[in-house]
Amino acid sequence: MHELPKQYDHKAAQDRCRTLWDTGRYWHAEPEAGRTSYSIVIPPPNVTGALHLGHALNNTLQDVLVRTRRMQGFLTLWMPGTDHAGIATQAVVERRLLEEEKLSRHDLGREQLVKRIWVWKEQYEKRILGQLRDLGASCDWDRIRFTLDDQCAAAVREAFFRLFQKGVVRRGKRLVNWDTFLQTAVSDDEVFHEQVKGHFWHIRYDVIDPKPGEPPSVTVATTRPETLLGDTAVAIHPQPGAALDLAEKALREKRAAATAKEQPEIDAALAELVARRADLLPGLERLAAMARDGRQVRLPLLGRAIPLVADEWAKPELGSGCVKITPAHDPNDYDVGRRRSLPMINILNPDGTLNAEAGPYAGLPMHKARTKVVADLEVAGQLVQVEDRVIELAHSDRSKTPIEPYLADQWFIRMDELAQPALDAVSGGRIRIFPERYAKSYLDWLSEKRDWPVSRQLWWGHQIPIWHVADVASADLEQAFGGCGSVAWRSDEAGGWFVCSSDESLATETVAGRPLVRDPDVLDTWFSSALWPHSTLGWPRQTPELAAFYPTSALVTSRDILTLWVARMVIMGIFDTGEIPFAEVAIHPKILDRYGETMSKSKGNGVDPIDVIDSLGADALRFALASMATETQDVRMPVDFQCPACGHLVEQTVQNRVKPRIDCPKCTKPFRTQWASNAADLTLPRGPAVSEKFESGRNFSNKLWNATRFVLMNIDGFAGENLSSGAAASLDIGSLPLEDRWLLSRLASVTREATRAVDEYRFAEAARTLYAFAWDEFCSAYLELCKSRLADPAHRDRARTMLLVGLDTILRLLHPIMPFVTEEIWQHLHEAAGSRRMPWDSGAKPLAASIMVAPWPAPPAAWMDATTETRFGTFLGVVAAIREIRARQNVPPKTRVAVAIRTSGDLASLLEPMRPAIEAMAAADIAAFGPDASASPSAATASAAGCDVFVDLADLVDVDAEIARLLKENEKTEGFLRAKQTKLADEKFASRAPEAVISKERAQLAELEARLAKGVAALADLRGRKGAT
RNA sequence: GGGCGAUUAGCUCAGUUGGUUAGAGCACUAGCUCGACAAGCUAGGGGUCAUAGGUUCGAGUCCUAUAUCGCCCACCA
């Protein structure tokens, strides 16, 4: 006999399963003619660090899809890989370099730094891929890619080259977010805003040669006074009066629509506007006229004459109505500068110090320059006023240092033409986004068609395949590269040329004696990510993989990168291949901590998935994550630290979550957290971050394990029938007892529900459906029922067959969510019952050696039978009724009770075969079963769907307790009854509700009336009995 | 400022096209070691579905407003 240990050992099972899968390479997909494929590319995790719970969720869901499709017979590929994550990775390595060796990247040089980052990458890539394997991800491990590997690099160069040829890659001065620590431009997405206390300085600029009646000066206000060194104008609205009228009109409209509560505030604003008009308008009108006349003001400190310009950007309703213009260091001023053709003076060096343009301030870092500028303005008497103000200061997400807007030459991609096909793909339904509402943010973002700045002044990344050459003629280039299809060139509008090549290097180092110089910049990391679906499959080569697996089937991601990544993949996929990169996009929730904050390593509120995998098992983790993946909202996960010494749980709080060590409040022993870095802390045992949410998954694994244990204990040499369609032993439904027909019916409907849920990315529903069925129906009901049948030689083998059908089907349905425990059980079943075949198995082929490649269940529709399910429900109701009476009368579990069941003759004969089952499951002896059954004088009563159940308790019955209970119950029934009567008596209801609803209500009313009558009779009976004693 | 979403049991969440007396897991209470499983079994307690209106014969579900929270986008001399 095949006997299993009492508890499921997830650690041993995980090791065994991984070995089995790796040996069989069931995760590998080779292009094969004639097979329908299903493919997913992994959202490549950054090699900046380890995977967190969000990744675990993302990858669990992908694995559920991939494992399901593989079992359904699709040629299934899940492409794994990691992302070089340009700036993020370089920042991490640079920060460590600085901390540990006090070196900057310039001390090391480009080549050495990149070498260091590769070392880092190897280390983290290994760790990440290891975590994915531990999670059970069935990626094709023979096809691991990296966004910076040779294959991806070739795709990047080719894609860039084509964009260059098409003319949508441009170079030009752009105002960028400059990170002065990393000395690179960063994208808007890599900038975060932080509120800091600052000031609002009001500075006076004197008018040059004011005429009589003209204001002698203008006052402007700024939060960044040092930028005045780069001012090239002061702006004033061209028609301040009209602008004020407009502002006033807008306010009045707002007031009309406002609630009474908001009105005082608007009134105050209106009053201010009116006062402002009186005070400032004449002056502003004068200034506007002066701007039209080309008059100038003198820039304080530097003494430069700068023009007054008329521009709508200056709002007369704000501040003094005038605004200083620093085109090279402010995004709005930049726009003004372009509109008014102003000079753009860059006052910054790349390292954040001021350059020669700043005159006497050159060499100072910005914050020192600010202090000095303010002090000098004060001395010069140009500082009018200083206000305290809270300002939103932009910081670089990567270096955590303040961002400086900075004018620099950058490469960017024009989106106007490229974006349209990507918009059409989603709005036309060729790409479907789940849940659908996210399509809106995709479309909104793309329809702005904003240019994509793609150059980064970094060393880690794909170096832009552009070479610069100056002082050559077009003919020289033609001669050098004319015959070469992989090289293109274009004038750089400054007398030089851009040469672009899709090859890694150019064939020559000079053209007409002039050197070709490689552009030092690298591409935004999202550029290579945008090519991921086709670059990983071999593009631009026409590989068999590309033909078989592109377009991919689905993309699974969280919503925050819908624009950054998903939209760009669609753009580039269509541009490069002419086809969409994926047919469906599944958006899953984010995991938040107990305070509703997103989990992140920097906050320290994360959970290492490996902690959960170690303590509770990968299946527990996966099951919990899948159950959380609902469509509507993000999910909160309260986290605790578990004391390694005593197991006590310490709630993770804002205070303790960043500490390297914690002293257990219970056993007082210290343990380390993920933050431990010094030697002393590292010697402490690790206290993993855990959440009770994962426990139900662990318990479920164990439940399945023990159900299997039961089946194997009873199988006793029975190897399983071949039920595959066409085989002799096929199931004859009509001959089966009620419980077997019920099981088949449930298997069919559960399979349908679970499959549909996965198809529609409703993972939580799939998990819930399977959990409830396996636990509450298969284990609690069916297994219990089988116990008596297994003891009866006449029925034993049929019960064994059905147990195997049930267990086998449940395992296959659960395998995508819980691969390890299902595989482990599959192997045990293989040993004990290897000749069994399900109707959806091929009868000729041997049973699959791994459940990973076992066919997905496909129960025939004929199994579904609603009548059987209802009847079985009645049976369960009778059992529950007897158990309830036992519980409320404190009958000891082993004491058998005598029961009478009063019900219609029809129902009684239908349920008669279930008599032994009822007796076994409720520890009861049925004395009477039918219309004539009646209560004995010492019975307690209960009702269940058309049956009255009387349990004869003899001297056990507590009459007073029964009376009290009946009183309470009758009262409750009366309450429902009255509500129902009122509803039915309501003429409106009777006249307007549909007939079906009314008859349903009537039936319920009748049922309630009968119930009450019985209750009243039982009560009278009990009272009489009490009087008799 | 614009957009999207959420608010249901002590906690974390489900709740199909509006239709019985609103569910699950964990936590809680009582009883139970019987050969599958104490990571278990049996029974139970616990909810004015954020608030206020409205539509409807009927609202957790639809509409409007309010409050609170979260996310995305834009802007803040």
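Sequence lines set the chain letters: A, B, ... in the order given, protein chains first and strands last, and positions in each chain run from 1.
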Rounding to an integer number of angstrom, what distance separates B/G70 and B/C26 when you compare their P atoms?
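About 30 Å, rounded to a whole number of Å.
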If you measure from the C1' atom in B/C34 to the same atom in B/C41, how many Å do you get, rounded?
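My reading of the C1' atoms in B/C34 and B/C41 gives 10 Å.
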Options [options], nucleotide nearest the side-chain atoms of [X]:
X        : options             : answer
A/Ala993 : B/C71, B/G5, B/G19  : B/G19
A/Arg450 : B/A74, B/C57, B/C37 : B/A74
A/Arg992 : B/G3, B/A36, B/U56  : B/U56

Does a nitrogen or oxygen in the side chain of [X] sit under 4.0 Å from OP1 or OP2 of [N]?
X        : N     : answer
A/Lys894 : B/C34 : yes
A/Arg709 : B/A36 : no
A/Lys787 : B/A36 : yes

Separation of atom [atom1] in [X] from atom [atom2] in [N], rounded to whole Å:
X        : N     : atom1 : atom2 : result
A/Lys703 : B/A38 : NZ    : C1'   : 11 Å
A/Ile882 : B/U42 : CD1   : P     : 15 Å
A/Glu753 : B/A14 : CD    : P     : 18 Å
A/Glu784 : B/C37 : CD    : P     : 11 Å
A/His828 : B/A36 : NE2   : P     : 18 Å
A/Trp705 : B/C37 : CH2   : P     : 14 Å
A/Phe976 : B/U20 : CZ    : P     : 13 Å
A/Leu704 : B/G40 : CG    : P     : 12 Å

Taking for each residue the nucleotide of RNA chain B bearing the nearest heavy atom, is the 5' side occupied by A/Phe989 or by A/Asn702?
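Whichever sits nearer the 5' end wins; that is A/Asn702.
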Can you list every stem that RNA chain B is part of, counting only runs of 3 or more consecutive Watson-Crick or G-U wobble pairs with both distances under 3.5 Å?
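Output for stems: B:1-7 with B:67-73, B:10-13 with B:23-26, B:28-32 with B:40-44, B:50-54 with B:62-66.
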Which atom pairs link the protein and nucleotides 22-26 of chain B when you take only N or O atoms and keep those under 3.5 Å?
{"residue": "B/C26", "atom": "O2'", "partner": "A/Glu692", "partner atom": "OE1", "Å": "3.2"}
{"residue": "B/C26", "atom": "O2'", "partner": "A/Glu692", "partner atom": "OE2", "Å": "3.1"}

Could you label the plane-to-plane angle of the A/Tyr782 and A/Phe778 rings as parallel, tilted or perpendicular, counting under 30° as parallel and over 60° as perpendicular?
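Ring orientation, 0 to 90° scale: parallel.
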Close N or O pairs between protein and nucleotides 43-45 of chain B (under 3.5 Å):
none

Would you check if the distance from the ring center of A/Phe623 to the ring center of A/Tyr771 is below 6.0 Å?
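Under 6.0 Å, so yes.
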Give a yes or no on whether the ring-centroid distance for A/Trp705 and A/His828 is below 6.0 angstrom.
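So the answer is yes for these two rings.
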